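Reviewing the structure listed below.
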Amino acid sequence: LQKRLSSIGDVNLGAAREYEELEQRYQHLMAQEQDLLQAIDSLQKGLTKINKITRQKFFDTYTTINDHFKKLFPLLFNGGKAYMQLTNENDLLETGIEVFAQPPGKKLQSLDLLSGGERALTVIALMFSIFLTKPTPFCLMDEIDAPLDDSNIGRFITHLKTMAEKSQFIIITHNKLSMQAANSLYGVTMEERGVSKIVSVELN
């Protein structure tokens, strides 16, 4: 017994104080843990709510754009049909969107398989569909008509004039037909070397 008692060593008179300090630290850490758990729970609930709202808003917007696209495509192509399709309807936050188009006299195919002019006009139809979903006071387009031939330019301009009743369109272009359809023209010329001059023309 004496041997066992000796092996315990000297009595630590500060053990009670150390215990109190450790107990206080433990209680402090436990309180912090509870705060963190509550914060994590609150964040999870917030993320769940945000994801739910995001899914709904995305689907509503996608549906509206797709409806506009289905109506606009035949107008710009003088027939045919087109639509958008989700690649993964079960996960709206991770899904992609595929565009399918069928110009008049051709089979339904993916956007990638269309010719350059057809692809350009399809993208214009899609862009107009997005614009109609949430119109803005003005829209700036940079050489959007460059890949189009004269017949496609005519349909493009016709629809653009319809949309111009509610919004102002500014087009950077080199196409004569697009210029003829404009209300105003602004160009840059260089009469003297190194000196640019802006020229404007009002077309009535």
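What you are looking at is a predicted structure, and each value in this text was computed from that prediction instead of being measured.
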* Classify the ring geometry between F169 and F131 as parallel (under 30°), tilted (30 to 60°) or perpendicular (over 60°). => tilted
* **Joint hydrophobic cluster, M127 plus I170, side-chain heavy atoms closer than 4.5 Å** => no
* Calculate, to the nearest 0.5 Å, the distance between atoms OH and OG1 belonging to Y62 and T133 respectively. => 12.5 Å
* Strictly by modelled atom types, are Q24 and E20 linked by a side-chain donor-acceptor pair under 3.5 Å? -> no
N/O donor-acceptor pairs under 3.5 Å from side chains in residues 77-85, not counting sequence neighbours:
none

* Expected output: side-chain R119 to main-chain D112 donor-acceptor under 3.5 Å -> yes
* Salt-bridge contact R25-E21 (side-chain N to carboxylate O under 4.0 Å) -> no
* **Path from V99 to L86 over hydrophobic side-chain contacts below 4.5 Å** => yes
* **side-chain hydrogen bond (donor to acceptor under 3.5 Å, both in side chains) evaluation trace for Q38 with Q34** => CA-CA 6 Å; Q38 288 176 3; Q34 287 302 315; 4.9 Å; no
* Structure fact -> Minimal heavy-atom distance between Q109 and K106, with the atoms involved, is NE2-CD, 4.5 Å
* To do: Determine whether I171 and I153 fall in the same hydrophobic cluster, where Ile, Leu, Val, Met, Phe, Trp and Tyr are linked whenever their side-chain heavy atoms lie under 4.5 Å apart.
  => yes
* Structure fact -> For H68 and S129 the tightest heavy-atom approach is C-OG, 3.5 Å
* Does T95 use its side chain to pair, donor to acceptor, with the backbone of E89 at less than 3.5 Å? -> no
* Structure fact -> Rounded to the nearest 0.5 Å, the CG atom of N152 sits from the CG atom of D149 at a distance of 4.0 Å
* For the residue pair L72 and L132, establish whether any side-chain heavy-atom pair is separated by less than 4.5 Å. => yes
